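First up is the structure itself, then whatever we jot down about it.
Note that the structure is predicted; figures quoted are calculated from it, not measured. Computed over heavy atoms, backbone and side chain alike; hydrogens, waters and symmetry mates excluded.
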Amino acid sequence: METPILYYWAPCSTCSVTVNFANEHGIELDKRDVEQEQPYQELVALGGDANLIPYLYAEGRLINGNDEVIAYLTETYL
């Protein structure tokens, strides 16, 4: 299984909920800060909106929002 990609913004308190959840449960994520141009462009190309982060890209689909991302991580990894 490929490492899921988390599109987030480092100073975002909403994003930190997902980051902290993954860290607390030892779930490895490829974290990409959308403040940088390349991750921002990747997210947009996938159909995401950087104003609605966090997004998780896993299994060929974008998952948006803390609740949905955490639900996916829980179901897949815990």
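- The OG1 atom of T18 sits 9.5 Å away from atom CD of E68, with the distance rounded to the nearest 0.5 Å.
- When atom types are taken as modelled, the side chain of N66 and the backbone of P54 share no donor-acceptor pair closer than 3.5 angstrom.
- At least one side-chain heavy atom of L56 sits under 4.5 Å from a side-chain heavy atom of L29.
- Contact check for I53 versus T14: no side-chain heavy atoms found under the 4.5 Å cut-off.
- For the pair L78/H25, a side-chain contact is recorded, criterion being any heavy-atom separation below 4.5 Å from C-beta on.
- When every heavy atom of G47 is checked against every heavy atom of L62, the shortest pair comes out as C-CD1, 4.1 Å.
- L6 and Y77 fall within the same hydrophobic cluster, where Ile, Leu, Val, Met, Phe, Trp and Tyr residues are linked whenever their side-chain heavy atoms come under 4.5 Å apart, directly or through other members.
- No more than 12 heavy atoms of other residues, nucleotides or ligands lie within 6.0 Å of OH in Y40, so this atom counts as exposed by the packing criterion.
- Between Y57 and E2 the shortest side-chain heavy-atom distance does not fall below 4.5 Å.
- The hydrophobic cluster containing I63 does not contain W9, counting ILVMFWY residues as joined when their side-chain heavy atoms lie under 4.5 angstrom apart, directly or transitively.
- You'll find the side chain of L73 reaches within 4.5 Å of the side chain of F21, heavy atoms only.
- Between L46 and Y7 the shortest heavy-atom distance is CD1-OH, 3.8 Å.
- When atom types are taken as modelled, the side chain of Y55 and the backbone of D49 share a donor-acceptor pair closer than 3.5 angstrom.
- Looking at every heavy atom in both residues, T3 comes nearest to E28 through CG2-O, 3.5 Å.
- Under the 4.5 Å side-chain heavy-atom criterion for ILVMFWY residues, a single connected hydrophobic cluster contains both Y72 and V19.
- The shortest distance between side-chain heavy atoms of V17 and I70 falls below 4.5 Å.
- E42 pairs by the salt bridge (Lys or Arg N to Asp or Glu O under 4.0 Å) definition with R32, not counting sequence neighbours.
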